[in-house]
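First listed ligand is number 1; within each ligand, the first listed atom is number 1. Values below: every heavy atom of this structure, side chains too, minus hydrogens, waters and symmetry copies.
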Amino acid sequence: MDTALTLGRVQVSAFTDVTGPFPVKISHLFPEVTPEQWAPYREAFPDTFVDADTWQVHIGSYLIRTPERTVLVDTGLGPAPPPFFGELRGHLPDSLAAAGVAPESIDTVLLTHLHPDHVGWNLTASAKPVFPKARYVAHQADWDTFQNPNVQRALGFEFVDKTITPLQKLGLLDLVSGEARISDEIMIRPSPGHTPGHICVAIASEGAQALILGDAIVHAAQVSEPDWRFSFDMDAEAAAATRKRLLDQVEREGTTVLQCHFPSPGVGLIVRRDGGRRRWKPISG
Ligand SMILES: [Zn+2]
């Protein structure tokens, strides 16, 4: 088992679903940011670029094991993503199996939000849960948003009725609003902007703490440039405000941060050099 982080009595492991070129060019993902502005981040984080205008995206999940619970955060892109994602295909179950993690050992699946690269392995092609003993947890506001036909149409590709809606019909979905406690060590923290019901996952045990950011931040450059507008943020202003609030908080509290779209394992700290800008400092990997 490849443990990315130990926090008191809790172990967090990182699993890769897929790594590859993101289908939308960086200049479209961040339309207001020039290649010159990207230059220092191309230098600092070369493994996040295929070329100057192509993001090498990592899509992953985190497994949190407490003495009582086994919780998976996000289920990746899955085996049959919308054609939008090109050649990218997920392999999360293989990654879990290679580490000896049986699907039935997972009792809870937390979905940071309901974009297709976070829900891909919720269900099999025949609408059976991939994690057969798990409750699936998402935020009510994301359920409401992604059930809206106008939102589905605006996204331009179908996935909701394959990977999300059947969970409710099967009685496996728990929708939360506001902060929610999952276990003694795990809390859900709403962080709207990327999607209306986006959540971060806070872990605390014996004085150690970490925060799984979901897509509140998707690229390490945003640690230094929280105002850069990311075109998949559904509410750009709220997303920027959430990024700044989260960065203030984790910097102040020295919280370890985990990010599924950073190169695996995506574990690090928010630091400043000589009182300058914040920057991402990976801890391992
Ligand atoms: Zn994502």
Side-chain angles (χ1 to χ4, degrees), residues 14-26 28-30 45 48-50 54-62 72-92 95 109-122 136-139 141-143 145-146 151-152 154-157 159-160 162-164 188-201 211-223 226 228-236 238-240 242-243 246 257-267 280:
F15 291 94
T16 295
D17 189 35
V18 60
T19 301
F22 196 76
V24 178
K25 294 294 174 192
I26 288 170
H28 293 280
L29 291 172
F30 294 89
F45 309 111
T48 66
F49 296 85
V50 177
T54 307
W55 180 22
Q56 175 78 351
V57 67
H58 175 264
I59 300 175
S61 300
Y62 291 104
L72 184 69
V73 180
D74 289 334
T75 66
L77 190 60
F84 170 87
F85 288 94
E87 300 296 305
L88 296 176
R89 294 285 178 279
H91 301 279
L92 178 63
S95 306
V109 174
L110 299 182
L111 302 169
T112 60
H113 62 295
L114 299 183
H115 273 157
D117 55 323
H118 297 257
V119 298
W121 289 102
N122 283 354
Y136 288 68
V137 181
H139 194 285
D142 259 29
W143 171 265
T145 298
F146 287 92
V151 171
Q152 293 189 20
L155 277 167
F157 44 78
F159 69 100
V160 177
K162 274 202 281 185
T163 59
I164 301 167
I188 283 175
R189 298 252 158 84
S191 42
H194 183 67
T195 63
H198 186 280
I199 54 172
C200 294
V201 180
L211 188 68
I212 298 176
L213 286 177
D215 280 10
I217 293 173
V218 299
H219 192 280
Q222 288 177 298
V223 170
W228 283 9
R229 189 168 70 80
F230 178 53
S231 58
F232 280 97
D233 287 341
M234 292 178 86
D235 180 336
T242 288
R243 272 193 289 281
L246 292 171
V257 164
L258 298 97
Q259 216 307 329
C260 77
H261 289 319
F262 291 11
S264 184
V267 182
W280 170 247

* Passing candidate, side-chain hydrogen bond (donor to acceptor under 3.5 Å, both in side chains) with H261, options H118, H58, H219 ->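 With H261 as partner, side-chain hydrogen bond (donor to acceptor under 3.5 Å, both in side chains) holds for just one option, H118.
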
* Kindly compute the distance separating CD1 (I212) from CG (L110), expressed to the nearest 0.5 Å. =>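 Reported value, rounded in 0.5 Å steps: 8.0 Å.
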
* Can you tell me the N, O or S atom of D215 that's nearest the Zn ion (ligand 1)? ->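 Of all N, O or S atoms in D215, the Zn ion (ligand 1) lies closest to OD2.
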
* Asked: What N/O/S atom of D117 is the closest to the Zn ion (ligand 1)?
  ->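 Going by distance to the Zn ion (ligand 1), the closest N, O or S atom in D117 is OD2.
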
* Asked: Is H261 close enough to the Zn ion (ligand 1) to have an N, O or S atom under 2.8 Å?
  ->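 A backbone or side-chain N, O or S atom of H261 is under 2.8 Å from the Zn ion (ligand 1).
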
* **N, O or S atom of H113 closer to the Zn ion (ligand 1) than 2.8 Å** =>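 Of the N, O and S atoms in H113, none lies under 2.8 Å from the Zn ion (ligand 1), which means no.
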
* To do: Kindly indicate whether the side chain of C260, heavy atoms from C-beta on, has any atom under 4.5 Å from the side chain of Y62.
  =>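 Yes; the side chains approach each other to less than 4.5 Å.
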
* **Passing candidate, side chain to side chain contact (heavy atoms under 4.5 Å, CB included) with V137, options I188, V201, I199, V73** =>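 Exactly one option meets the side chain to side chain contact (heavy atoms under 4.5 Å, CB included) with V137, and it is I188.
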
